[in-house]
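Worksheet: one structure, shown below.
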Protein chains: 2
Amino acid sequence: MKYIEKLRNSGLRPTKQRLQICEVLFDTETTFHFTINDLANKIKRQLNHKISLATVYNTVHAFEKKGYLKQIPINSNQTYFDTNISDHHHFYDLKEEKLIDLENSDVGPIKILKKIGGKKIKSVEVLVKLED
Amino acid sequence: MKYIEKLRNSGLRPTKQRLQICEVLFDTETTFHFTINDLANKIKRQLNHKISLATVYNTVHAFEKKGYLKQIPINSNQTYFDTNISDHHHFYDLKEEKLIDLENSDVGPIKILKKIGGKKIKSVEVLVKLED
DNA sequence: CACTTTTTTAGAATCATTATAAAGTAGACT
DNA sequence: AGTCTACTTTATAATGATTCTAAAAAAGTG
Ligand SMILES: [Mn+2]
Ligand SMILES: [Mn+2]
Ligand SMILES: [Zn+2]
Ligand SMILES: [Zn+2]
C-alpha cells in the first residue's frame with residue numbers, strides 16, 4: 001500500500017483505519033474541503049462501514065499536525081479542512097455556504113509590510129466572501 | 001446619549017443594556033478584538049453589574065448584522081469580533097493566541113483575478129499567522 | 001509467543017452557542 | 001396617566017461540535 005510508508009515516516013502506525021481514511025482523503029481526482037462530519041459520512045458511504053467518530057477526529061488532527069491537511073480559517077460552527085495543502089486561498093459563498101479554491105495565481109502577490117519583532121510569518125491566507 | 005440615535009436609526013430600541021454595551025464597545029481610545037466571554041467580563045468589570053449572557057449574544061449579533069461590529073474569520077473554539085469595522089486585516093500570533101491589526105496600507109493591494117458568475121465580492125480578508 | 005506502546009472505540013463530559021418562554025420595557029395612541 | 005402591542009431581557013434548558021475517558025484491540029519488537 002502506498003500510504004504505509006507515508007504514515008511510518010510520520011511516526012504514525014499504519015492502522016487499518018488510518019489507511020482507509022487516507023484512501024478517502026487522498027485517492028481522489030481533485031482535492032476537496034470537508035468537515036469532520038462530512039468525512040465520517042463519506043467514509044461510511046465509500047467503505048460501507050463506519051469508523052468511530054473519535055478515530056476520525058484523532059486521525060484528521062494527526063494528519064493536520066503532520067501537514068497532510070490544512071485547516072481553513074472561517075467562521076462556522078464546524079471546522080473546515082482542506083486536502084489541498086498547496087499555498088492557496090478561498091472564496092466563501094455566503095449563500096451556498098461553500099468554499100471554492102482560489103489558486104495563488106488567481107490572487108496577486110501579497111506584500112505584508114508590517115513586521116512584528118521576533119515573529120516569523122507562517123502563512124498568509126485570504127478569504128474572499130461572495131454574495132449575490 | 002450619543003448612541004440613542006444610532007440605535008433608533010438601525011431599528012433597534014435603545015434599551016439600557018444596548019446603550020451600556022455601546023459604551024463598553026465604542027467609548028474607547030482604540031478599537032479591540034473580543035470574544036463574547038471577554039465582552040461579558042468587560043461589562044461586569046466596567047459597569048459593576050452583569051448583563052445576561054443571552055443579551056450579550058443577542059446584542060453582538062444585532063450589532064454585527066447592522067455593521068457596527070465585524071466577525072473575524074479564524075479557527076478558534078470561540079468566535080472573535082472586532083470593533084474596528086474598517087477594511088483591514090490581521091496577524092494571528094499562534095503562540096500568544098492574539099490578534100493584531102494589519103491596516104490596509106500594511107498589506108499591498110489585493111487583486112482577485114478569478115470571477116464567479118453572478119456573485120459579487122463582499123469582503124477580502126487576510127489572516128497572517130505568526131510563529132516564533 | 002510474551003510484552004510494551006499505540007490506537008480504536010463507545011460513551012460521557014465539556015462548553016460555546018442557540019432556543020425557550022415568561023417577565024419586563026419601549027413606543028404609540030388615547 | 002393608562003392601555004395596548006411589539007420588542008427585549010432574562011434565567012434556564014437544549015443543542016451540538018469537540019474533547020476526554022478508560023477499557024479493549026491492534027501494532028511493533030524480540
Ligand atoms: Mn471552529
Ligand atoms: Mn465559531
Ligand atoms: Zn482549498
Ligand atoms: Zn481588527
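First the proteins, then the strands, lettered A, B, ... as listed; each starts at 1.
One atom, CG of B:L19, and another, P of D:dC7, lie 19 Å apart when rounded to the nearest Å. Rounding to whole angstrom units, CG of residue B:L7 and P of D:dC7 are separated by 16 Å. Look at CD on B:Q78: it is 13 Å from C1' on C:dT14, rounded to the nearest Å. Note: CD (B:Q20) to C1' (D:dT10) measures 15 Å, nearest angstrom. One can place OH of A:Y80 at 10 Å from P of D:dT18, the figure rounded to the nearest angstrom. Atom pair B:I51:CD1 and C:dG24:C1' shows a separation of 15 Å (rounding to whole Å applied). Per the geometry, CG belonging to A:N75 stands 13 Å off C1' belonging to C:dA16, to the nearest Å. A straight line from CD1 of B:I43 to C1' of D:dT10 spans 14 Å, rounded to a whole angstrom.
Geometric assessment of B:K6 against the ring of B:Y68 yields a positive cation-pi assignment under the 6.0 Å and 45° thresholds.
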Using the 3.5 Å cut-off, write out each protein N or O paired with an N or O of nucleotides 25-30 of chain C and the distance between them.
{"unit_1": "C:dA26", "atom_1": "N3", "unit_2": "B:R13", "atom_2": "NH1", "d": "3.3"}
{"unit_1": "C:dG27", "atom_1": "OP1", "unit_2": "B:R8", "atom_2": "NE", "d": "3.2"}
{"unit_1": "C:dG27", "atom_1": "OP1", "unit_2": "B:R8", "atom_2": "NH2", "d": "2.9"}

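Scored by the salt bridge (Lys or Arg N to Asp or Glu O under 4.0 Å) test, A:D93 finds B:K119 as partners (sequence neighbours excluded).
Here the straight-line distance linking atom CD of B:E23 with atom NZ of B:K2 works out to 8.5 Å at 0.5 Å rounding. Between the CG atom in B:L25 and the CD1 atom in B:I43 there is a gap of 7.0 Å [rounded to 0.5 Å].
If you check residues 54-63 of chain B against DNA chain D, the residues with a heavy atom closer than 4.0 Å are B:A54, B:T55, B:N58, listed by number.
Using a 4.0 Å cut-off between charged nitrogen and carboxylate oxygen, B:E103 and A:K114 do not count as a salt-bridge pair. With respect to the salt-bridge test (charged N to carboxylate O, under 4.0 angstrom), the residues A:D82 and A:K70 do not qualify.
Side-chain N/O atoms of A:Q17 include none lying less than 4.0 angstrom from OP1 or OP2 on D:dA26.
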Intermediate values then yes/no, side chain to side chain contact (heavy atoms under 4.5 Å, CB included), B:V128 and B:H89
CA-CA 8 Å; B:V128 181; B:H89 309 290; over 6 Å; no
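Judged purely by atom type and a 3.5 angstrom limit, A:H61 has no side-chain atom pairing as donor or acceptor with the backbone of A:T59. Side chain of B:D106 to backbone of B:L102: no donor-acceptor contact under 3.5 angstrom is found.
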